[in-house]
Structure formats: C-alpha cells, structure tokens
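First, the structure itself, so that you have it in front of you.
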Amino acid sequence: MSGEVRDGLLADETVVSTVGDAVYQLDPNGNFLAVNDAVVTATGYDRDELLDSHVSLLVNDEDVTRLEAEINALLTSDPNGVRLTELPIRTASGETIPCELRFSVVQSDGEFLGTVGVAHDTSLREQHDTELKARRDELERLRRINAVIRSIDRAVVRAETTDEIEQSVCDRLAAADPYRFALVARIDPQFEELSIRNWAGDAEEYVRLLRDSDIDISEGPGANATRTRRVHVVQDLERDDYVWSAPALQCGFRSLATMPLAHEQTVYGVLGVYSDRPYAFDEPERKLLEELAEMIGYALFAVKTRRALVAERIIELEFRLADEEYVFTELSAHENSTVRLEDSILHPDGSMLLYVSVQGGDPDRVVEYCRDFEDVSHLRVVSKRDDECSLEVRYGEPMVLRTLSHHGGVIREAVAEDGVAHVQIDLPEGGAVREVVDMLAGVFDTVDLVSRRTVERPVETRAKFRDTLDQQLTDRQRTVLTAAYRGGYFDWPRESTGEELAKSLDIAAPTLHKHLRLAEGKLLSVLFDSAEQG
C-alpha cells in the first residue's frame with residue numbers, strides 16, 4: 001500500500017509519513033487501509049502485516065467494542081466532529097503502549113467510508129507525571145521531617161537534663177510519619193556495651209526483646225554508627241541477619257536508621273529510628289537525620305557542661321599529674337616557676353587557645369622554652385615583668401580541656417610547680433568519675449587521684465552568673481570576649497591591640513570589634529539588669 005492513496009482519505013501519504021505521531025486509516029469494517037512510519041515503528045509490525053489486518057491486531061476485544069460504539073456515536077450525533085479517547089495499543093512483542101487517540105469519521109455523499117486518526121504515545125507523559133508526583137511526595141515528606149527536626153530543636157534547647165533531651169527526641173520522631181519507633185542507647189566505653197535508656201512508639205515490646213537478646217557492641221547497625229561516626233541504614237531487615245533484625249521484624253519493623261550522638265571526639269550513644277516500610281530512608285533523609293544527630297550530640301555536651309557550672313551539689317576531684325612531654329609541667333620544673341592556667345577557649349581550627357600566667361621565671365627564657373614544644377603552634381606574650389609573664393598559647397595535644405568538657409567536667413584550678421600539676425576538677429553530682437580518671441590516665445604519664453568529695457555550693461554563685469551570660473552570648477562572642485580579657489585588651493595601658501587579638505583568632509579586625517561590642521553590651525545587660533532586679 002506504500003505510496004498508494006485510497007478514496008482520497010489521506011491526500012498525501014508522503015507528508016503523513018513524516019508526522020511524529022502514529023497516523024492511520026481504517027475502512028468501514030475496521031481494517032487498516034494506511035499507516036505511516038510511526039505506526040510501524042511503535043507497533044513493531046511490518047507495514048504489510050498491518051495493511052488489511054483488523055484493528056483487533058493491536059487492540060483487545062473490549063476496547064474494539066468501545067471504539068466501535070464511539071464511531072457510531074460520531075456518525076449519529078457529530079459526523080464532522082473529532083473524538084478523543086485513551087486506548088492501550090498492543091505491540092508485536094506483547095508489550096502495551098498507553099495512547100491518546102484522536103479520530104474522526106469519513107463520509108462521502110452520506111456513505112461511511114471509515115475513520116482516520118492520530119495515536120499519541122502517552123507513556124512518557126505518564127512517566128513524567130509519575131516522577132513529578134514522586135518528587136512532590138518526597139518534598140512533602142522532607143518538609144514534614146524538617147518540621148519534626150525544628151520541633152526537636154526547640155525542645156532540646158529547653159531541656160535541662162540528658163534524659164529530657166533523649167526522651168523529647170524519641171517522642172517527636174516516633175510520632176512522625178513514616179516512623180513508628182525511636183530509641184536512644186547510651187554507650188559504655190569501658191565495657192563496650194550499649195544500654196537502652198529512652199524510647200517512644202507503639203512497640204514497647206521491642207525494648208524487652210532487645211534487652212533479652214544480649215546485644216554485642218561489636219555487631220549490628222548501632223555499633224556501625226558509633227564506630228564510623230556516620231548514619232547507618234538497614235533498608236530491608238528481612239534481607240539482613242543483624243542481632244537486632246529478628247526482634248525488629250517481630251515488632252513489624254522493616255527498615256531502620258542508626259545515628260551516632262557525638263560531639264567532637266566523644267560519642268555519647270546512638271539514636272535508632274524505625275519504619276514499618278522497607279527502603280524508608282533515602283539519601284536526602286539521611287542527610288537530615290545526620291544533621292539532627294549532630295545537633296543532639298552538641299546538646300548533650302552542652303547540658304553536661306552546664307550541669308557542672310550551675311549544680312548546687314558537685315563532686316570536687318583533685319589530681320596530681322606529671323608528664324615529661326606536657327609543656328606546662330616541664331616548664332615549671334625547667335624554670336623553677338609556678339605555671340597557672342587562667343582560662344581557655346576553643347580556637348576556630350579546633351585547637352585550644354590557653355591563657356597562662358608564669359611566676360618566678362625569666363620571661364624570655366620561658367618564651368624560648370615554650371617555643372621548642374612541638375604541639376605549641378602559636379605563642380604570644382600578653383604581658384611581662386621582671387620575673388613573671390602572661391602568655392597566649394595555642395596548644396594541640398593533649399586535649400584535656402576539650403575531652404573533659406564532654407564528660408561534664410570543669411577545671412576550677414590548674415597549677416604546675418616543680419614538674420607536677422595539681423588540678424581541681426568539678427563534676428556535677430552523679431558525674432562519671434571513673435571516665436574522667438581513665439581519660440586523664442590515657443593522657444598523662446602519672447595520674448593520682450588525691451581527693452574526692454561532694455560539696456554544696458551557694459545558690460548565688462559566679463558560675464550561675466556566668467551561665468546566664470553564656471546563654472546570651474554566641475560562641476563567637478564568647479570566644480572574642482574571653483580572648484580580649486585574657487589577652488589584656490582591657491588593661492591600661494593595653495597589653496594587646498584589637499589587631500593582635502584578631503590575628504590570634506584568625507579573623508578580620510572589624511569582625512573582632514563587632515563581636516566584642518555585642519558581647520560587651522550583653523555582659524553589661526546581664527550585670528545591670530540582674531542588679532536592678534535584686
């Protein structure tokens with residue numbers, strides 16, 4: 001039939017053959033009279049196979065009946081009209097192509113000569129619609145998760161204990177679709193064990209099953225999360241043989257994500273989130289959960305530190321420390337001097353910026369001796385007199401101050417003489433004394449716990465005032481204010497200029513002055529407002 005025109009129905013088959021959509025012509029009995037190249041390509045049949053074949057070659061019987069009814073409707077009510085319908089086309093390989101069909105009837109002097117039509121493949125449109133719906137669903141799911149995370153953020157800020165933080169996190173996650181259960185397990189670094197502390201959801205039996213399962217920290221997704229410090233996902237529990245899998249499946253869970261709750265080098269525990277659907281945690285969701293875990297880890301760290309600052313009952317620990325590779329103990333022995341830690345702040349590069357006073361030694365020899373220590377990356381003389389000086393030191397290891405803060409500890413006093421440091425550390429009542437002792441033993445050659453006692457502190461304390469101020473200041477404002485005070489910026493005459501402080505902190509001088517002015521305003525506000533209220 002190629003090149004032939006019947007009854008003038010397709011006036012120019014050469015033109016029709018170039019149309020992208022499938023164009024066809026049927027006789028009154030429903031047999032193909034003409035097809036363009038698109039029909040041949042789409043159906044997989046040769047042109048000779050299609051011509052003179054009935055339309056049922058491509059359309060099932062039910063749809064043939066429907067098509068005939070629509071043709072009759074056009075002939076009866078609207079012979080000059082065009083009918084639009086959806087019709088699946090069956091290919092030579094047996095596949096089905098969804099099509100949108102536009103056709104009209106052809107008549108001559110009232111005689112029905114057949115139909116002509118155009119079939120448009122809608123599979124790409126349907127695929128696009130499906131993908132669009134999937135994207136909308138994903139965005140809606142991420143929006144809901146973001147809303148949950150914001151609510152957790154607000155709850156965590158108000159929490160005063162680690163239990164409050166963990167429980168509020170579990171409550172909000174377990175109530176959020178598509179999750180069903182959430183738990184927090186704390187880690188015991190000495191015995192390498194996970195113990196479940198807080199949970200929420202509609203499968204409380206799961207906790208009992210877990211506790212009866214004798215979980216080993218060296219196995220399972222929780223261990224992987226704490227070991228790698230990354231979110232670990234099990235997308236289908238039926239396909240995994242973790243220790244946690246059987247109890248989880250028994251409670252109707254199909255997938256889970258575990259996240260380490262950590263801040264800097266300290267891991268406090270692991271957060272587990274469970275869904276009753278497999279593959280419930282895609283990559284964007286993992287990123288959100290990872291950010292959530294980081295926020296919770298910092299909140300746990302902050303609460304532990306705040307407890308040490310404001311607790312009315314504290315544990316006072318006094319240590320005797322010695323180490324030939326620790327700059328301040330060795331400085332005290334080498335120069336026959338007294339070295340006292342005045343303050344410390346966290347430098348933006350992750351090291352500690354220490355403010356130290358040295359009495360009884362020649363300042364020039366002190367500075368020269370300190371420069372020889374490998375872990376001293378920055379040294380600045382804040383002030384010096386005949387036999388004493390104040391130093392600003394950026395020190396890398398051992399990171400005692402940072403590590404100690406993760407256990408809720410605060411150094412109240414640290415003085416080195418004759419090569420031995422005497423350090424007083426405050427812990428909140430119930431603090432992990434053993435962990436602090438183990439941590440110090442891992443850093444210094446000699447560690448002796450001289451005394452331990454629980455003491456009452458007055459309700460009105462310097463620590464509480466400082467805690468009030470800390471709640472007002474941002475981290476950068478606190479850092480700048482401390483550096484300015486310890487660096488002698490407020491002395492008269494000044495021991496440090498703003499430019500020197502900015503250089504020590506690796507920030508621009510205008511930035512330093514901006515943060516310093518804001519911090520000063522907040523300090524005065526806390527001082528005078530509290531005084532007026534009193």
Side-chain angles (χ1 to χ4, degrees), residues 145 148-149 151-153 155-156 159 161-189 191-237 240 242-263 266-278 280-281 285-286 288-301 303:
I145 294 172
V148 173
I149 291 176
S151 72
I152 290 174
D153 192 7
V156 163
T161 66
T162 55
D163 277 322
E164 287 183 33
I165 291 175
E166 294 169 358
Q167 190 60 55
S168 64
V169 169
C170 291
D171 289 341
R172 285 162 174 77
L173 284 174
D177 183 63
Y179 310 137
R180 279 190 54 201
F181 194 81
L183 63 80
V184 171
R186 296 184 191 174
I187 187 170
D188 185 328
F191 298 105
E192 295 188 336
E193 293 178 347
L194 285 172
S195 59
I196 300 172
R197 298 301 298 268
N198 293 284
W199 65 88
D202 58 0
E204 188 169 335
E205 177 192 9
Y206 179 62
V207 177
R208 179 184 61 78
L209 291 173
L210 279 182
R211 287 173 171 168
D212 293 344
S213 299
D214 190 23
I215 299 172
D216 185 352
I217 184 64
S218 64
E219 299 179 1
N224 288 336
T226 58
R227 190 163 45 239
T228 62
R229 302 288 294 271
R230 297 178 63 86
V231 175
H232 184 80
V233 172
V234 180
Q235 294 286 25
D236 191 349
L237 285 162
D240 290 275
Y242 287 119
V243 177
W244 288 12
S245 298
L249 288 170
Q250 188 173 336
C251 293
F253 304 140
R254 288 295 305 279
S255 59
L256 72 92
T258 55
M259 294 138 277
L261 302 180
H263 181 62
T266 303
V267 180
Y268 299 107
V270 61
L271 169 65
V273 182
Y274 299 77
S275 174
D276 57 4
R277 302 202 305 262
F281 303 94
E285 191 164 338
R286 293 187 205 185
L288 289 174
L289 292 174
E290 187 173 9
E291 293 174 6
L292 172 64
E294 291 176 359
M295 182 265 288
I296 298 170
Y298 178 79
L300 293 171
F301 155 73
V303 164

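In this chain, residues are counted from 1 in sequence order. Predicted model only: the values in this text are computed from it and were never measured.
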Quiz prompt | Heavy-atom donor-acceptor pair, S255 side chain to R277 backbone, under 3.5 Å | solution = yes
Practice problem: Would you mind reporting whether I152 and L292 have side-chain heavy atoms less than 4.5 Å apart? | Solution: yes
Quiz item: Just wondering, do Y274 and L183 contact through their side chains at under 4.5 Å, heavy atoms?
Solution: yes
Practice problem: Could you check M259 against H232 for side-chain contact (heavy atoms from CB on, under 4.5 Å), going step by step and ending with a plain yes or no? | Solution: CA-CA 7 Å; M259 294 138 277; H232 184 80; over 6 Å; no
Quiz item: Taking it one step at a time, do L173 and L271 satisfy side-chain contact (heavy atoms from CB on, under 4.5 Å)?
Solution: CA-CA 10 Å; L173 284 174; L271 169 65; 3.8 Å; yes
Exercise. Please tell me if the side chains of L300 and I165 come closer than 4.5 Å, counting only heavy atoms from C-beta onward.
Key: yes
Quiz item: Rounded to the nearest 0.5 Å, how far apart are OG of S168 and CD1 of I296?
Solution: 8.0 Å
Self-check item: Side chain proximity check, L256 to L237, heavy atoms < 4.5 angstrom
Solution: yes
Exercise. Check whether any side-chain heavy atom of W199 lies under 4.5 Å from a side-chain heavy atom of E166, and answer yes or no.
Key: no
Self-check item: Side-chain touch D202/R180, heavy atoms, less than 4.5 angstrom
Solution: yes
Exercise. Under the side-chain hydrogen bond (donor to acceptor under 3.5 Å, both in side chains) rule, collect the residues that match up with D171, sequence neighbours excluded.
Key: Q167
Quiz item: Hey, does L261 have a side-chain heavy atom less than 4.5 Å from the side chain of V270?
Solution: no
Quiz item: Which pairs with one or both residues in residues 290-300 pass salt bridge (Lys or Arg N to Asp or Glu O under 4.0 Å), sequence neighbours excluded?
Solution: none
Quiz item: At what distance, to the nearest 0.5 angstrom, does CZ of R197 lie from CG of D163?
Solution: 6.0 Å
Quiz item: Where is the tightest heavy-atom contact between A200 and F181, given as atom of each residue plus distance?
Solution: O-CD1, 3.2 Å
Quiz item: Is any side-chain heavy atom of V169 less than 4.5 Å from a side-chain heavy atom of N198?
Solution: no
Practice problem: Check salt bridge (Lys or Arg N to Asp or Glu O under 4.0 Å) between D276 and all other residues, then give those that pass, not counting sequence neighbours. | Solution: none
Exercise. List for me each residue that meets ring-ring contact (aromatic ring centres under 6.0 Å, His included) alongside F281, sequence neighbours excluded, and say none if there are none.
Key: Y179
Quiz item: From R254 CZ over to S275 OG, what is the distance, rounded to the nearest 0.5 angstrom?
Solution: 9.5 Å
Exercise. Sequence neighbours left out, what passes side chain to side chain contact (heavy atoms under 4.5 Å, CB included) with R230? Give chain and number order.
Key: T228
Quiz item: Which residues satisfy the salt bridge (Lys or Arg N to Asp or Glu O under 4.0 Å) test with R172, sequence neighbours excluded?
Solution: none
